[in-house]
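Notes follow once the structure below has been shown.
Please read these numbers as outputs of a predicted model, since none were measured by experiment. We count ligands from 1, going down the list as the structure has it; atoms in each ligand are counted the same way.
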Amino acid sequence: YSSGKITALNIDNEAFNFPPCMYHLHLELRRKHRLSHYARFYYTLFLKECGMNLEDALIYWKNEYSKPHSCTSLCVHDWQTDAKKFTYSIRHMYGLEGGRKNYKTPNCRGICEQVPGSNYEGGCPFSNFDTDSLRYLLQKSINGSELDQIMAVAPKQKPQDTCANFFKLKSATCVSDITITKPVQYYLAMRDLN
Ligand code: SF4
């Protein structure tokens with residue numbers, strides 16, 4: 001994948017091209033300034049694979065984790081007191097510490113299996129969110145009859161199929177067919193259309 005496309009400065013615009021699962025994590029991070037362990041893990045790897053370089057990743061996470069948090073359970077840490085730990089953790093996900101593994105983001109199936117709970121705010125919106133939460137998230141991108149269309153098919157289809165329908169509606173192009181298997185693949189396909 002090409003590198004450096006997503007930066008700490010342009011991420012609010014780029015996030016509009018993210019699949020709903022990762023767009024949700026971006027919005028949650030901006031809102032609460034913290035994410036739970038797995039959400040942070042998956043989202044950091046997603047950004048890495050989409051081309052955010054290490055320097056920008058450190059700036060992005062530092063900016064948020066330096067702000068006062070607005071939640072109770074997840075947020076015992078902040079950047080000021082845990083800078084070394086957070087920096088190590090991000091470098092680790094970039095394969096620069098520890099076993100220097102090339103960690104990959106999970107595919108859609110893996111994400112759908114992670115059910116959101118009090119300690120995990122991620123998951124696949126098409127699979128794991130209740131109706132109100134799904135509608136609330138999707139209406140940031142589509143509305144009217146398009147939103148109704150997605151809400152009607154979501155309970156009946158596989159999440160990846162609904163995600164593909166959403167992609168086609170949102171991109172408003174004549175993409176006749178697309179199969180979604182991974183959040184990174186969704187983003188790169190959407191970015192190529194813009
Ligand atoms: Fe994300 Fe995959 Fe769910 Fe789409 S189908 S929202 S890419 S996990």
Side-chain angles (χ1 to χ4, degrees), residues 1-2 5-6 10-32 35-52 57 60-61 93 102-143 146-194:
Y1 302 131
S2 56
K5 289 278 187 182
I6 303 178
N10 74 9
I11 192 163
D12 287 310
N13 285 337
E14 284 297 316
F16 203 62
N17 293 324
F18 291 176
C21 52
M22 296 296 153
Y23 187 43
H24 170 68
L25 293 183
H26 174 72
L27 296 176
E28 284 294 281
L29 181 61
R30 285 290 195 227
R31 184 175 73 84
K32 297 190 303 191
L35 290 178
S36 65
H37 174 77
Y38 279 109
R40 198 168 70 234
F41 185 63
Y42 291 154
Y43 186 39
T44 304
L45 292 177
F46 168 79
L47 293 175
K48 177 186 87 165
E49 238 178 298
C50 290
M52 179 180 259
Y60 175 56
W61 290 99
M93 285 184 256
N102 184 17
Y103 293 104
K104 296 270 183 194
T105 48
N107 57 24
C108 294
R109 195 180 300 177
I111 290 178
C112 289
E113 282 165 7
Q114 293 272 351
V115 179
S118 56
N119 290 322
Y120 177 58
E121 64 283 76
C124 171
F126 297 117
S127 170
N128 306 126
F129 284 20
D130 62 34
T131 307
D132 289 346
S133 307
L134 180 62
R135 180 176 282 275
Y136 180 77
L137 177 63
L138 298 186
Q139 73 186 3
K140 294 176 187 300
S141 306
I142 56 173
N143 45 45
E146 293 185 339
L147 179 59
D148 291 341
Q149 200 179 316
I150 293 292
M151 293 305 297
V153 296
K156 300 174 200 156
Q157 295 188 133
K158 282 192 203 150
Q160 289 100 315
D161 292 343
T162 313
C163 195
N165 289 349
F166 175 76
F167 180 103
K168 285 186 257 179
L169 283 176
K170 192 176 165 198
S171 60
T173 64
C174 43
V175 175
S176 59
D177 213 9
I178 181 163
T179 305
I180 304 294
T181 57
K182 250 187 126 176
V184 176
Q185 172 232 350
Y186 176 114
Y187 167 69
L188 295 175
M190 185 65 86
R191 193 186 70 187
D192 285 349
L193 292 173
N194 293 325

Practice task
Give a yes/no answer: is there an N/O/S atom of C21 under 2.8 Å from atom 2 (Fe) of ligand 1?
Solution key: no
Problem - Numbering as shown, the atoms of ligand 1 that approach P19 to under 4.0 Å (heavy-atom distance) - result: 7 (S)
Handout entry: F46, Y186, F166 screened by ring pair (Phe, Tyr, Trp, His ring centres under 6.0 Å) with F18, the one that passes
Key = F46
Problem - Cationic N near anionic O, under 4.0 Å, R135 to D130 - result: no
Problem - Option among H24, H26, E28, K48 that satisfies the side-chain hydrogen bond (donor to acceptor under 3.5 Å, both in side chains) test with Y43 - result: H26
Problem - Flag for Y187-E49: side-chain donor and acceptor within less than 3.5 Å - result: no
Practice task
Please report which non-hydrogen protein atom sits nearest to atom 2 (Fe) of ligand 1, along with the residue it belongs to and the distance in Å to one decimal place.
Solution key: C108 SG, 2.3 Å
Practice task
Please write down residue, atom name and distance for the protein heavy atom closest to atom 4 (Fe) of ligand 1.
Solution key: C163 SG, 2.3 Å
Practice task
Spell out, as yes or no, whether a donor-acceptor pair under 3.5 Å connects the side chain of Q185 to the backbone of T179.
Solution key: yes
Practice task
Flag C124 as yes if one of its N/O/S atoms falls below 2.8 Å of atom 3 (Fe) of ligand 1, otherwise no.
Solution key: yes
